[in-house]
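First up is the structure itself, then whatever we jot down about it.
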Amino acid sequence: MSRYSATEIEAKWQEAWDKAGIFTATRHGDKPKYYVLEMFPYPSGRIHMGHVRNYTMGDVIARHKLATGHNVLHPMGWDAFGMPAENAAMAIGGHPKEWTYGNIADMRGQMKPLGLSIDWSREFATCDPEYYGQQQALFLDMLDAGLVYRKNAVVNWDPVDMTVLANEQVENGRGWRSGALVERRELTQWFFKISSMSEELLSALDTLENWPAKVRLMQENWIGKSRGLQFSFERTDGAEPITVYTTRPDTLLGASFVGISPDHPIAKQLEAENPEIAEFVAECRKGGTTEEAIETAEKLGYDTGIRVKHPLDPNWELPVWIANFILMDYGTGAIFACPAHDQRDLDFCRKYDLPVVDTFFALDDDTPVDKIAFVPPKTEKVRWVNHFAGLTEATGDEAIDTTVDFAEKAGWGEGVTKYRLRDWGLSRQRYWGCPIPVVHCDSCGVVPEKKENLPIRLPDDVSFDKPGNPLDRHPTWRACACPSCGAAAKRETDTMDTFVDSSWYFARFTAPHAETPTDLAEAEYWMNVDQYIGGIEHAILHLLYSRFFARAMQITGHLPKKAIEPFDALFTQGMVTHAIYEFVEGLDAPGVQGSGPEADEELAEVMKTNPTRAKYLYPEEVIEFVEMTGEKRAVLRSAAEKLGINATDSVALNNLWLDEDARGQMVKIIPSAKMSKSKNNVVDPVNIISAFGADTARWFVLSDSPPERDVEWTAAGAEAAHKHLSRVYRVASEISASDNPANDEDEALLREMHKTIHDVTVGVESFGFNASIAKLYAFTNTLAKSKAGTTAKRQAARKLAQLMSPMTPHLSEELWQLLGGEGLIATAPWPVADAAMLVDDTVTLPIQINGKRRAEISVAKDMDKAEVEKVALSTEAVQKALDGATPKKVIVVPGRIVNVVV
RNA sequence: GCGGGCGUGAUGGAAUGGUAGACAUAUCGGACUUAAAAUCCGAAGGCCCUAGGCCGUGUGGGUUCGAGUCCCACCGCCCGCACCA
């Protein structure tokens with residue numbers, strides 16, 4: 001009997017699947033369709049364990065659906081545009097195109113050995129002209145439909161790299177690559193009108209029942225709907241009134257000042273007239289728009305000298321301040337401040353010595369406002385001590401409604417709904433992206449390119465030796481004829497944000513070679529994505545943009561109505577993590593340290609004096625062991641080996657730990673950290689596959705944690721997974737070589753088999769992969785120990801192979817063949833549990849006395865309640881507890897439990 | 001600050017309100033072996049010397065015949081958003 005050799009098995013079956021073409025998806029057929037998709041990768045050049053986990057999960061679903069008679073679409077592609085390719089070109093030379101396509105080839109080569117059930121005939125990269133040309137067509141249609149427009153916007157500008165930076169690319173106010181101080185600059189940019197769909201994108205979230213509640217909530221918060229009052233303050237100088245928006249109009253009597261954004265038109269006007277204000281506004285603009293910049297920014301204000309009248313009392317004048325914390329692109333860019341009931345306003349008033357007016361509602365205590373503002377609760381009733389609409393007691397929500405009504409009736413304000421969601425700026429001053437297909441003509445202005453001229457291809461002859469966008473300085477690329485008048489004109493050199501590329505790729509997979517963005521018949525058949533799987537990091541942007549695109553594509557006729565929400569079900573999987581081993585070199589520190597608070601403190605102390613000596617060790621460089629206290633510890637492998645200590649010798653390792661003379665090495669274990677090259681804790685799937693095979697890697701990433709949680713990769717875990725697969729192979733081999741007659745153990749084994757079929761299927765269908773795997777372990781144990789006859793065992797082993805096949809497809813094919821299965825296991829019908837076999841004829845019921853388990857009885861499964869009660873009461877434990885008395889109550893849960901209350 | 005989630009053995013984690021700790025890792029013991037590896041068998045939440053029993057799912061309360069699970073409060077950790085008016 002041969003041993004389990006993953007290398008041989010896996011290559012063989014991958015070839016067999018290829019030859020049979022079972023993963024190629026075609027529209028025809030009367031089976032129900034099933035579209036499963038994992039978020040496509042960026043071609044960095046190496047696959048990582050996160051990819052393995054993500055694609056394995058999708059593959060489990062895809063293979064299970066295939067076996068349950070579905071017409072499965074399971075495609076793969078590459079999110080191939082983006083900065084890293086250009087950065088590589090700048091850093092190491094070469095061309096982004098070659099770099100990217102080279103990486104794709106490498107990654108495809110690393111991915112194929114995983115044995116994924118992918119239809120590779122549909123593969124594309126977003127940097128293929130065939131793809132981005134269609135994206136340009138889509139852009140033109142969206143422009144036509146009024147879903148794209150150009151406007152001036154304030155952006156993060158990197159003056160060294162000469163490009164716009166996304167907020168995430170600004171670190172501490174500096175460009176992430178150049179290190180230059182980022183400026184806020186106003187540029188003309190292209191925008192998608194996503195905000196016009198705010199309400200639709202928000203309300204449709206309710207229909208996404210199979211999305212994680214967390215993701216829906218994150219999108220809801222991101223869209224940020226709020227309801228409030230918009231009204232104007234008359235200026236005493238008679239100039240244009242200042243319009244403000246507030247969500248708490250009920251606190252209007254607490255107004256202290258009116259604030260405007262530094263970008264507000266009034267501020268801009270004053271800036272031109274008054275150098276002091278110009279200086280103040282410039283100060284406000286410094287530091288970009290990043291979170292950090294905002295976080296650390298102190299509240300700054302400047303009294304403009306303008307005065308306005310309170311809408312409820314023309315004799316009440318309020319000053320108008322420019323304040324740095326007011327954003328121009330939310331609401332009207334102007335607010336009224338109520339320090340008593342808003343912390344931010346209170347801080348500002350304290351700083352600039354503005355009046356803090358009385359409170360207007362009361363909670364239980366009437367402590368006056370000092371440093372903490374009272375925020376009126378929205379749903380709790382409070383007593384209003386002074387409210388202009390005559391309220392005395394109301395919740396915040398009621399107070400707001402009443403106030404809006406009051407203002408509307410009085411004619412000085414109106415209730416409005418606002419959204420935080422802003423339009424999506426898609427222009428990037430980069431080369432490696434999809435060119436925006438428009439032309440700038442001196443006489444016609446901005447003119448869309450003609451569709452027959454698409455794709456507008458990126459030129460290949462570009463250089464990256466200078467900062468900025470190579471398209472800008474290309475000698476000929478910009479030159480073109482105006483699509484409108486035919487005169488000499490210039491191309492737009494901005495390219496699209498790479499999020500555009502990933503906002504419709506799922507639709508393109510339904511017809512990847514179509515001459516139009518999609519083929520409606522194919523889209524009608526394959527859409528929606530039945531199951532989408534990816535990381536939680538895309539909870540907002542990618543998924544929101546895709547939802548927007550699905551709607552835009554429907555408006556422009558590229559997707560059917562049913563695809564308005566493109567992802568029927570979404571699953572967000574956790575990361576694959578690995579311990580980090582942090583080592584401090586050459587220290588005269590006591591002993592060898594592990595994890596735990598003391599070790600952390602000690603290390604922190606040491607790091608203070610030796611800040612440069614920490615380094616990260618590769619897992620191979622340390623030996624982990626368990627100290628006598630039960631703490632996990634690690635020592636330098638080289639140090640242990642020098643002393644002749646074997647890695648498995650825990651006694652010697654413990655002694656080393658205690659040995660004062662072995663001081664000088666500290667290895668700190670940081671468990672379960674994100675894999676990162678710089679921390680030397682990346683496990684390369686390629687190495688795992690060559691050592692253990694793809695099935696082992698697949699099995700392990702699914703086995704140890706629920707799929708939505710992080711899973712820690714450990715060498716021991718991977719080895720254990722491999723051992724288990726070897727065991728299954730051995731057990732199946734023994735069965736196939738045996739010849740035992742049927743016997744009275746058969747039934748028990750087959751019952752267990754049906755239970756396993758049931759439990760594993762439920763697990764696979766509900767993302768309970770770890771639970772399914774636990775059942776498979778248990779059933780393997782049962783099968784290995786069973787004395788049943790060969791026929792029964794062979795049958796059980798075949799079902800085991802089938803149940804394992806979504807996770808370990810290669811091994812399962814091998815076992816299937818070994819055990820005499822017909823054809824490929826991949827296409828064999830999924831096992832169905834016999835309901836009659838799921839319930840045993842006799843069941844063991846625990847007997848509780850007053851809720852505590854005291855005994856158990858074995859009864860027929862269909863014994864009626866009264867009979868069960870009689871049996872239960874006759875048990876010794878119950879008799880003893882009753883001591884002759886009658887029980888107060890007896891609860892019999894059929895097939896579950898009996899509880900006797902005495 | 002606002003919103004959400006999670007706290008179960010040494011570890012990852014099981015458990016439609018019904019026998020807490022399945023399954024796995026690590027650990028320990030045994031068998032086989034000249035030996036090692038591989039494999040197989042077994043032990044194992046804590047405490048009471050044992051029989052038997054008591055305690056036990058972050059803490060404190062509550063609902064229930066029965067709570068890891070539901071409700072309230074608190075503590076701790078994690079995630080998302082955030083000068084959003």
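Keep in mind it's a predicted model, so treat the numbers as computed, not measured.
Taking side-chain N and O atoms only, A:Arg709 has a distance below 4.0 Å to OP1 or OP2 of B:G13. Phosphate proximity of B:C55 to A:Lys852: present, with a side-chain N or O under 4.0 Å from OP1 or OP2. OP1 and OP2 of B:G5 both lie 4.0 Å or more from every side-chain N or O belonging to A:Lys214. Proximity of A:Arg896 to the phosphate of B:U16: no side-chain N or O atom is located under 4.0 Å from OP1 or OP2. Distances shorter than 4.0 Å separate some side-chain N or O of A:Asn770 from OP1 or OP2 on B:A14. Residue A:Tyr245 has no polar side-chain atom (N or O) positioned under 4.0 Å from OP1 or OP2 of B:A85. When the side-chain nitrogen and oxygen atoms of A:Arg727 are compared with OP1 and OP2 of B:C40, one or more of them lie within a distance under 4.0 Å. Side-chain nitrogen and oxygen atoms of A:Arg854 include at least one within less than 4.0 Å of the OP1 or OP2 phosphate oxygen of B:C54.
Within 6.0 Å of atom NZ in A:Lys755, more than 12 heavy atoms from other residues, nucleotides or ligands are found, so the atom counts as buried in its surroundings.
One finds no salt bridge joining A:Arg53 and A:Asp710 here, because no Lys/Arg side-chain nitrogen approaches an Asp/Glu carboxylate oxygen to under 4.0 Å. Ion pairing between A:Arg248 and A:Asp342 fails under the 4.0 Å rule for side-chain N and carboxylate O.
Judged by distance alone with a 3.5 Å cut-off, a donor-acceptor contact links the side chain of A:Lys299 to the base of B:C83. Not a single donor-acceptor pair, N or O on each side, falls under 3.5 Å between the base of B:C81 and the side chain of A:Asn221.
For the residue pair A:Tyr245 and A:Ser226, a side-chain donor N or O sits within less than 3.5 Å of a side-chain acceptor on the partner.
Under a cutoff of 6.0 Å and an axis angle of 45°, A:Lys299 and A:Phe325 form a cation-pi pair.
Taking the O4'-C1'-N9-C4 or O4'-C1'-N1-C2 dihedral as appropriate, B:G5 has a value more than 90° from 0 and is therefore anti.
Among the duplex regions that RNA chain B forms, those built from at least three successive Watson-Crick or G-U pairs under 3.5 Å are B:1-7 with B:75-81, B:10-12 with B:23-25, B:27-31 with B:39-43, B:45-48 with B:52-55, B:58-62 with B:70-74, ordered by first number.
Taking the side chain as every heavy atom from C-beta outward, A:Tyr581 and A:Ile669 approach each other to under 4.5 Å.
Looking at A:Lys418, its side chain never comes within 3.5 Å of a backbone N or O of A:Gly228 through a donor-acceptor pair.
Within the nucleic acid shown, A:Gln848 comes within 4.0 Å of at least one base atom, counting heavy atoms only. Nucleic acid contact class of A:Lys785 (heavy atoms, under 4.0 Å, all strands): sugar-phosphate only.
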